[in-house]
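Beneath this line is the structure, given in structure tokens, with notes to follow.
Chain letters run A, B, ... following the sequence lines, proteins first and then strands; every chain starts at 1. Note: hydrogens, waters and symmetry copies are ignored here, and every other heavy atom, side chains too, is used. Just so it is clear, the model here is predicted, and its values are computed rather than measured.
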There are 2 protein chains.
Amino acid sequence: MARAATTSDAFNAVAEPRRREILTYLAGNERQVGEIVIAIGLDQPSVSKHLGVLRNVGLVHVRRNGRHRLYRTNAEAIRPVHEWTQTFERYWRHQLIRVKERAEAEMKRNPPTE
Amino acid sequence: MARAATTSDAFNAVAEPRRREILTYLAGNERQVGEIVIAIGLDQPSVSKHLGVLRNVGLVHVRRNGRHRLYRTNAEAIRPVHEWTQTFERYWRHQLIRVKERAEAEMKRNPPTE
DNA sequence: ACAATACATTCCTATATAGGAATATGTCAA
DNA sequence: TTGACATATTCCTATATAGGAATGTATTGT
């Protein structure tokens, strides 16, 4: 079996760095495609294709306005990713505490000269 | 250009559902490969390959113990993903508030017949 | 030394990209 | 109507999978 489609869920869609850039750029403000092209520095067809993927998984909203299309990030669709990572927070907290404790123990055993 | 390698960063590695399962299973507790195989329900070579990807991006720690290898999730490596999604939290909060307000306005305009 | 156990790696194949180039579609302005 | 503008789609190719099957590599117990 091959890799899952980029359009299969938010996890796969946001694996692409340029798509993450686009989502960040479109967070909170509507922009038309031409603006995204300039901001991201990819050519127009590539941007349109990335937007197509993001549309497919519901990561962006589109609104037509004359010959323009106004895109905006649908933050709600990023939540599942946030929530999955959230479950690990307590573990990296523990890890940081352990690292700190080890550093402090080392300090006592072998104080910095001077 | 093709899609970025699964080993290029945590975002790509975590796009695979089975790898997310493995990371969840290995969060906080060391397990040997055989246990993972049983827990996840994939065959051993597949699990080993997923573990290889996770190792490559530093998402798991390994420790050898005789003929066993003990794996554990390195939660710290998931943080970048958490932090990227975190930046969108204020936006989905806004969205939820707007949805709620709209619902309440609708209630006033057109109260539920009871 | 040898068999068994625990993992990892290699080989195979169908599949889905990402970007570049070219082209299609849709909308406005004169 | 026609041309210009904005965006989407199609065609192309190199590339990297994920899983299945088979095989390789350590390590331990006897």
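Look at CZ on B/Arg67: it is 15 Å from P on C/dA8, rounded to the nearest Å. Protein atom CD1 of B/Ile36 is 12 Å distant from nucleotide atom C1' of C/dA6, rounded to whole Å. Across the protein-nucleic acid pair, A/Gln32 atom CD and D/dC5 atom P stand 14 Å apart, rounded to whole Å. Between the CG atom of A/Leu54 and the P atom of D/dA8 there is a distance of 12 Å, rounded to whole Å. For B/Gln44 and D/dA21, the CD to P distance is 13 Å, given to the nearest whole Å. In this structure, CG of A/Asn12 is placed 18 Å from P of C/dT15, rounded to the nearest angstrom. Atoms CG (A/Asp43) and C1' (C/dT23) sit 14 Å apart, rounded to a whole Å. C/dT17 atom P lies 12 Å from atom CG of A/Asp9, rounded to whole Å.
If you find the closest nucleotide of DNA chain C to A/Lys49 and to B/Val33, the one lying nearer the 5' end belongs to B/Val33. Nucleotides of DNA chain C nearest to B/Gly34 and A/Arg18 differ in position, and the one nearer the 5' end is that of B/Gly34. Between A/Met1 and A/Pro45, the one whose closest nucleotide on DNA chain D sits nearer the 5' end is A/Pro45. Nearest-nucleotide positions on DNA chain D place A/Leu51 closer to the 5' end than the other of A/Leu51 and B/Arg3.
Because its NZ or CZ atom is both nearer than 6.0 Å to the ring centre of B/Phe11 and within 45° of the ring axis, A/Arg20 counts as a cation-pi partner of that residue.
For A/Ala5, the side-chain atoms get nearest to C/dA16 when compared with the rest of D/dG19, C/dA16, D/dA8.
Using a 4.0 Å heavy-atom cutoff across all strands shown, B/Thr6 reaches sugar-phosphate atoms only and no base atom.
Tested against A/Gln32 for a side chain to side chain donor-acceptor pair (under 3.5 Å), the candidates A/Arg63, A/Arg69, A/His68 yield a single pass: A/His68.
Remark: B/His50 is in phosphate contact with D/dG19, judged by side-chain N or O atoms under 4.0 Å from OP1 or OP2. Between B/Tyr71 and C/dA8 there is a side-chain N or O to OP1 or OP2 distance below 4.0 Å. The phosphate of D/dT27 has neither OP1 nor OP2 within less than 4.0 Å of any side-chain N or O from B/His68. For the OP1/OP2 pair of C/dA18 and a distance below 4.0 Å, the side-chain nitrogens and oxygens of A/Arg19 include at least one atom meeting the criterion.
When side chains are defined from C-beta on, B/Tyr25 counts as touching B/Glu35, because their heavy atoms get closer than 4.5 Å. In this structure, the side chains of B/Phe88 and A/Leu23 come closer than 4.5 Å at one or more pairs of heavy atoms.
Put simply, B/Ile38 and B/Leu42 are part of two different groups of oily side chains (I, L, V, M, F, W, Y) that touch within less than 4.5 Å, one to the next.
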